[in-house]
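In what follows, a single structure is set out as structure tokens and then discussed.
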Amino acid sequence: MNSSDSDLQIAGDLLEVQHLLRPAPEHPATVAEFVGLARTIAADRDRWAPLVRYDATTRWYHRLRAVPRGLGSARPGETPLGYEVWLLSWVPGQGSGPHDHGPSSGVLTVLDGELTERTRRGKRTLGAGAQRVFAPGYVHEVVNDSLEPAVSLHIYYPGLTDMPMHAAQCAPAAATA
């Protein structure tokens with residue numbers, strides 16, 4: 001190994017190397033900072049776990065945080081929210097339906113259990129600790145295909161104002177070989 005190799009050259013993806021991530025600022029400004037914020041909140045299980053509820057009849061969610069933009073910074077037609085943090089639970093079989101997040105970008109972090117994300121490109125199983133980052137217009141469906149409940153954390157920037165639903169265009173629930 002060459003002594004000039006950096007941690008990033010050795011390890012690859014910065015988001016996979018915890019010691020290279022800076023502590024999350026109160027007002028994140030980059031994708032990496034929002035990912036870091038999600039990981040910081042996820043690590044504080046004592047704060048979020050007591051809030052979780054499971055409901056077999058309807059989706060359960062709880063807004064953990066709403067941070068406004070600086071006073072007067074929102075232009076006409078923009079949301080005044082800088083970002084929002086949501087906690088969601090998923091009992092087996094519950095799903096979001098295919099949707100996007102309007103003008104918001106986001107970070108999805110699985111806190112407990114296992115979720116399946118379906119997109120036009122296929123499906124991906126996300127276990128506890130897995131994260132997905134998405135830009136405005138990204139269409140996906142999140143489903144709990146497992147036999148155990150799951151919990152996820154969602155950060156939206158700017159705050160979520162629209163969640164358009166889409167026709168079923170994501171990968172099918174069960175792909176057979």
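Taking the charged nitrogens against the carboxylate oxygens, Arg63 and Glu84 do have a contact shorter than 4.0 Å, which makes a salt bridge. In this structure, Glu117 pairs ionically with Arg132, as a charged nitrogen and a carboxylate oxygen lie closer than 4.0 Å.
Taking each heavy atom of Pro136 and Ser105 in turn, the nearest pair found is CD-OG, 3.1 Å. The two residues Tyr61 and Leu88 come nearest to each other via the heavy atoms CB-CG, 3.9 Å. Pro92 and Asn144 make their closest contact through N-ND2, 3.5 Å (heavy atoms, listed as atom of the first residue, atom of the second, distance). Across all non-hydrogen atoms, the minimal contact from Arg45 to Leu111 is NH1-O, 4.3 Å. Contact record, Tyr54 with Pro149: CE2-CB, 3.4 Å, taken as the closest heavy-atom pair.
The side-chain heavy atoms of Trp48 and Asp112, taken from C-beta on, include a pair separated by under 4.5 Å. Put simply, the side chain of Leu153 reaches to within 4.5 Å of the side chain of Leu64, judged on heavy atoms. With contacts defined as side-chain heavy-atom distances shorter than 4.5 Å, the pair Tyr83/Leu37 qualifies.
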_Verdict with reasoning, Thr116 to Arg124, per side-chain contact (heavy atoms from CB on, under 4.5 Å)_ = CA-CA 6 Å; Thr116 301; Arg124 176 179 299 200; over 6 Å; no
*What do the steps show when you test Phe34 against Val133 for side-chain contact (heavy atoms from CB on, under 4.5 Å), and what is the final call?*
CA-CA 9 Å; Phe34 278 105; Val133 175; over 6 Å; no
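In this structure Pro103 satisfies the side-chain contact (heavy atoms from CB on, under 4.5 Å) test together with Thr161, Asp162, sequence neighbours excluded. With sequence neighbours excluded, the residues satisfying side-chain contact (heavy atoms from CB on, under 4.5 Å) with Asp44 are Asp46, Arg47. Ser96 is linked by a side-chain contact (heavy atoms from CB on, under 4.5 Å) to Arg59, Trp90, His99, Glu141, Val142, counting only residues two or more places apart in sequence or in another chain.
Between His101 and Tyr138, the distance from one ring center to the other does not fall under 6.0 angstrom. The distance between the ring centers of His166 and His140 does not fall below 6.0 angstrom.
Residue Leu126 holds its CG atom at 10.0 Å from OG1 of Thr109, rounded to the nearest 0.5 Å. The CD atom of Gln131 lies 8.5 Å from the CD1 atom of Ile155; values are rounded to the nearest 0.5 Å. For the atom pair CG of Leu87 and NE2 of His154, the computed distance is 8.5 Å after rounding to the nearest 0.5 Å.
The closest donor-acceptor contact from the side chain of Arg53 to the backbone of Pro50 lies under 3.5 Å. Proximity of a side-chain donor or acceptor of Ser104 to a complementary backbone N or O of Pro158 within less than 3.5 Å is detected.
Hydrophobic clustering, with ILVMFWY side chains joined whenever heavy atoms are under 4.5 angstrom apart, keeps Trp86 apart from Val143.
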